[in-house]
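Below is one structure, written out as C-alpha cells, with a few remarks after it.
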Amino acid sequence: MPVELEIVRVSGPPAGVRPGQPAQGEMPFAVVEGEVLTELPRDLYIPPHALRVFLEAFEGPLDVLLYLIKRQNIDILDIPIAEITRQYVRYIDLMRELQLELAGEYLLMAAMLAEIKSRMLLPRPETAEADEEDPRAELVRRLQEYERYKKAAEDLDRLDRLERDVHLAAAELVDRKIVNLLPDVSLEALLLAFKDVVERAEMFAHLHVQREPLSVRQRMSEILSRLQATRSFVEFPRLFGRDEGRMGVTVSFLAVLELIKESLIEIVQAESFAPIHVRLAGQDEFPAAELKRAHE
Amino acid sequence: MNETQLRNIVEAALLAADRPLGLDQLQALFEEHERPPRALLRTALGELEAGFADRGIELREVASGYRIEVRKQFAEFVSRLWQERPPRYSRALLETLALIAYRQPVTRGEIEEVRGVSVSTQIMRTLEERNWVRIVGYRDVPGRPALYATTHEFLDYFGLRRLEDLPTLAEIRDLDDPNVTLDLGVPAGAETRAPVDAEEPDGHEEIRALHE
Amino acid sequence: MNETQLRNIVEAALLAADRPLGLDQLQALFEEHERPPRALLRTALGELEAGFADRGIELREVASGYRIEVRKQFAEFVSRLWQERPPRYSRALLETLALIAYRQPVTRGEIEEVRGVSVSTQIMRTLEERNWVRIVGYRDVPGRPALYATTHEFLDYFGLRRLEDLPTLAEIRDLDDPNVTLDLGVPAGAETRAPVDAEEPDGHEEIRALHE
C-alpha cells in the first residue's frame with residue numbers, strides 16, 4: 001500500500017521519545033514484532049502493519065495534534081490551523097483506510113478544527129481586538145494541558161520505582177512467633193448488646209420480672225463462690241464483712257435471702273440457739289456430724 | 001572491583017534475594033570479565049559475617065546456600081510485627097456476657113431462655129478462657145447446671161470498680177438519645193458515682209429476667 | 001535497653017517487615033514498659049543510616065515509613081537475580097495515574113477531558129488493584145461520579161515521601177503572553193529548552209492546595 005510522502009518523511013521522532021537515551025525509563029513508541037520502534041522508518045514505503053502500530057500508538061486526537069506540531073517545530077501558541085487541520089484529517093483518513101477502530105473523539109476533533117478554521121477566516125473587527133478571543137485559544141489551552149500531563153507521565157515513568165529500579169532488602173525471620181491479641185470490647189458495645197437482648201426478651205417472651213440491684217447480684221456470686229471454695233459449712237455471720245458497713249451488710253443479707261429463695265444455698269442450724277450455718281444447696285454428702293465438728 | 005565493593009554486592013544480593021544464594025548464584029551476578037573466583041567470594045562472605053557481629057542480623061549457611069537472618073535474640077520483638085487481632089466477638093457472645101453480668105449467678109439455660117436461642121459451648125469457653133466469667137456454683141436441680149458469674153478481671157477490663165457501676169437498663173436506653181451522654185469510661189476510684197444501689201433498689205426495676 | 005540493642009531491633013524489624021515501618025509501628029514492637037520515645041527511635045534510625053554508609057544497603061523514608069533498600073549503585077548486579085522483566089506500564093495508564101496524582105481528587109470524566117479520550121475500565125481497575133489509587137468520595141453533581149486520589153502505596157512504589165516530591169508540572173503559557181519562553185518538552189539538550197520548572201513551582205502550589 002503506497003503511503004503519502006508527508007507521513008513517511010518524519011523529520012523527528014514522535015513526541016515523548018528521546019533519541020540516544022536508551023534509559024530504562026524510556027517509553028518505546030511502539031513494538032513491532034518484538035522490535036522496539038522508536039521512530040518511523042525513513043523508507044519511502046512503510047509496511048502496513050508497521051504503520052498500523054505507529055498510528056495505534058497515539059493516545060487520542062490531542063496526542064496526534066501535539067505530534068504534528070512538535071515534528072514541525074511549530075510554536076504551540078501560533079498554530080497554522082489550516083495546515084494542521086489538513087494534516088490531521090489526512091491521518092484520520094489513513095486510520096480509517098487501515099480499518100483502525102477510530103474513537104469518536106477523533107472525529108469530534110476534526111469538527112472542532114474545521115470550526116476554528118472557518119472562524120479564523122472571518123475578519124476580526126479591529127476595535128474589538130482586546131475582547132475577542134483568538135478562535136484557537138481553547139484548542140491551545142487543551143493541547144498545553146494535555147502536554148503537561150503527558151510530560152508528567154514521562155517524568156513519573158522515569159522515577160526510580162520498585163520492581164524496576166529499587167530492590168528492597170529483607171532478612172529471613174526464622175522462628176517467627178505469631179502473637180495473637182484478643183479482641184477488644186467496648187463497654188458501650190456490651191451495654192447495647194444487653195439492651196437489645198432484654199428488649200427482645202420482653203417483646204417475644206414477655207419476661208417481666210423485677211430483680212435485685214446489681215450490688216446484690218454481685219454479692220450473690222461472691223457468697224456462692226466462697227461456699228464453692230470451702231465446699232463446707234460457713235458460719236452465717238462470716239458472710240458479713242466487718243468493714244462493709246451498714247449498707248454492705250444490707251446488701252449481703254439481701255443476697256443471702258435471694259440465694260435461699262433461688263434454692264442455691266441452705267441454712268442449717270444444728271439445734272436451737274446454735275450458730276446458723278450456710279452451705280451450698282444439694283450437698284447431702286456432708287453429714288450432719290460434720291456440722292457438729294465444724295461447730296466445735 | 002575492590003573488596004569493599006565485592007562485599008557490598010554480596011550483601012545487597014543476599015538481602016534482595018528471596019532465597020538463599022550459593023556461590024554459583026553469587027558468581028552469576030557478575031559479568032564474565034569481572035567475575036570473582038569462589039575463594040574471593042568466600043572471603044567477602046567472611047567479612048560480611050564479621051561486620052554483622054554487633055548488628056541485628058547474621059549470615060547463615062543453609063543447605064541451598066547463604067542467607068541473612070534476623071538474630072534469634074531479636075526474633076521476639078520482630079514477631080510483634082505480625083500481631084494479629086482476631087475478628088471481633090460475636091453479638092451472641094456479647095449478649096451472653098451482658099446477661100451473665102446483669103443476671104449473675106445464672107445458668108446457661110437461663111441465658112438461653114432470655115436470648116431465645118441456644119448459647120454455644122464455644123462462647124462459654126471463650127468467656128471463661130478470657131477470665132471474664134467463671135463458675136461459682138451449681139443450681140440444685142436435675143442436671144446440676146453450672147452458675148456463672150463475672151470476675152474481677154471482667155471489672156478491671158471494663159474499668160469498673162464494682163458491678164453496680166454498670167448503668168441500669170433505663171440509663172442504657174438513654175444511650176440512644178443523642179442528648180444524653182453516659183459516663184462509660186469509669187475511671188478506677190471515681191468519687192462521683194451515684195449512691196450504691198442498695199439504697200435505692202427501685203432504680204433497677206427495669207432490669208428484668210426470667211425467674212419470678 | 002541500650003542504644004545498640006535499640007538500633008539492632010530497628011534494623012531487624014525493618015529487614016523482616018514486608019512493608020515500610022513508621023515510628024508508630026516501630027514503637028509497637030516494644031512492650032509498654034520498655035517502649036522507646038520517638039526521639040530515641042529517630043536517633044536509632046540515624047545511627048542505622050550512618051552505619052550503612054559504606055555498605056550495600058541504605059535507609060530510605062517513603063510515605064508509609066522507613067525501609068531498607070539496595071544501594072542504587074549495586075542495583076545492576078542485584079537485578080540479575082531475576083529472570084523476568086519488571087512490569088512496564090502503558091502511556092495511557094501512566095497519563096491517567098499522573099492526572100490522578102497531580103489533580104486529585106479527580107473524577108474519571110475530568111481525566112478524560114484532559115486526555116481527550118476515554119479512560120478504559122481496565123486501567124482504572126489496574127490502578128486500584130495495585131493500590132495506587134482509591135475512591136475518596138463522590139462529586140456532588142448528577143451521576144455522583146467517584147473521586148480518585150493516590151495512596152501511600154503509590155508514593156512508596158515511586159520512592160516518594162509526599163505528593164510534593166513529585167516532579168514539578170510544566171507551566172501553561174497564555175496566548176496573550178508571547179514573552180514566556182517556549183517549553184515544547186523537546187529532548188534534553190535542545191537549544192529551545194525552557195528554564196527549569198523549579199524556578200516557578202506552580203505545580204507544587206497546586207498540590208499543596210489539595211492538602212488544605
Side-chain angles (χ1 to χ4, degrees), chain A residues 167-198 200-202 204-205 207-218 220-222 224-225 227-228 247-248 250-251 254 259 262-265 280-283, chain B residues 12 15-16 18 57 67-70 75-76 78-80 82-89 91 94-95 97-99 102-105 114-116 130 136-137 139-140 144 147 149-150 158-159 162-164 166-167 169 172-173 175 184 196-199 201 203-205 207-212:
Chain A
H167 304 290
L168 295 180
E172 193 75 18
L173 180 59
V174 179
D175 29 33
R176 163 169 153 186
K177 308 168 181 76
I178 299 270
V179 196
N180 271 326
L181 296 179
L182 296 167
D184 274 328
V185 178
S186 71
L187 182 55
E188 184 172 6
L190 183 69
L191 298 179
L192 290 175
F194 180 62
K195 179 178 87 96
D196 286 355
V197 72
V198 170
R200 228 168 49 222
E202 286 171 349
F204 297 109
L207 296 159
H208 291 271
V209 184
Q210 185 187 329
R211 297 306 296 236
E212 317 66 37
L214 281 171
S215 51
V216 175
R217 309 276 350 158
Q218 180 171 15
M220 286 166 69
S221 293
E222 284 164 8
L224 270 185
S225 163
L227 293 173
Q228 183 77 15
M247 201 54 62
T250 310
V251 168
L254 287 173
L259 286 168
E262 290 192 25
S263 307
L264 291 171
I265 59 172
L280 290 176
Q283 299 209 311
Chain B
L15 284 170
D18 44 9
I57 49 179
R67 75 176 177 204
I68 294 172
E69 297 179 358
V70 167
E76 193 201 325
V78 174
S79 290
R80 298 212 185 103
W82 291 278
Q83 277 172 347
E84 277 173 36
R85 277 179 195 282
R88 302 197 304 168
Y89 284 140
R91 191 82 196 164
L94 291 181
E95 288 183 7
L97 179 60
L99 283 171
Y102 279 90
R103 298 298 315 128
Q104 63 187 286
V114 177
R115 290 197 59 230
R130 188 100 199 223
V136 291
R139 200 178 280 291
D140 193 21
R144 293 182 57 71
L147 285 161
T150 52
F158 289 101
R162 303 173 295 249
L163 198 60
E164 58 261 40
L166 281 174
L169 188 56
I172 296 173
R173 285 189 165 132
L175 274 180
L184 292 180
V196 276
D197 301 312
E199 281 179 343
H204 281 279
E205 65 192 3
I207 296 173
R208 292 154 176 161
L210 40 146
H211 285 277
E212 313 211 50

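Reminder, nothing fancy here: chain letters follow the sequence lines and each chain counts from 1.
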Inset, instruction - Answer yes or no: is there a side-chain heavy-atom contact under 4.5 Å between B:Tyr102 and A:Val197? - result: no

Inset, instruction - Give, for atom CG of B:Leu94 and atom OG of A:Ser186, the distance between the pair rounded to the nearest 0.5 Å. - result: 8.5 Å

Legend entry - chain A contact via B:Ile57 - which portion, at a heavy-atom distance below 4.5 Å: side chain

Inset, instruction - Can you tell which part of A:Leu264 gets under 4.5 Å to a heavy atom of chain B, answering side chain, backbone, both or neither? - result: side chain

Legend entry - Heavy-atom closest contact (A:Ala193 atom, B:Arg91 atom, distance): CA-NH2, 3.4 Å

Legend entry - Least distance between heavy atoms, B:Arg115 atom then A:Arg200 atom: O-NH2, 3.4 Å

Legend entry - Closest approach of B:Ala149 to A:Ser221 (non-hydrogen atoms, all atoms of both residues): CB-OG, 3.0 Å

Legend entry - Shortest non-hydrogen contact between B:Ile172 and A:Leu191, atoms and distance: CG2-O, 3.5 Å

Legend entry - Sub-4.5 Å side-chain heavy-atom contact between A:Gln218 and B:Pro105: no

Legend entry - CG on A:Leu192 to CD on B:Glu95, rounded to 0.5 Å: 11.0 Å

Legend entry - Gap separating the CG atom of B:Leu163 from the CD atom of A:Glu222, nearest 0.5 angstrom: 9.0 Å

Legend entry - Shortest non-hydrogen separation from B:Gly137 to A:Gln228 and the atoms involved: CA-OE1, 3.2 Å

Inset, instruction - Calculate, to the nearest 0.5 Å, the distance between atoms CZ and CG belonging to B:Arg139 and A:Leu280 respectively. - result: 12.5 Å

Inset, instruction - Identify whether the distance between the nearest side-chain nitrogen and carboxylate oxygen of B:Glu164 and A:Arg217 falls below 4.0 Å. - result: no

Legend entry - Region of A:Val174 that comes under 4.5 Å of a non-hydrogen atom in chain B: side chain

Inset, instruction - Specify which of B:Leu99, B:Thr150, B:Val70 makes the most heavy-atom pairs with chain A at under 4.5 Å. - result: B:Val70

Inset, instruction - Report yes if the side chains of B:Asp140 and A:Ser263 come closer than 4.5 Å at any heavy-atom pair, otherwise no. - result: no

Legend entry - B:Leu166 side, atom CG; A:Phe194 side, atom CZ - distance, nearest 0.5 Å: 9.0 Å

Inset, instruction - Of all the heavy-atom pairs spanning B:Glu69 and A:Ala171, show the shortest one and how long it is. - result: C-CB, 4.3 Å

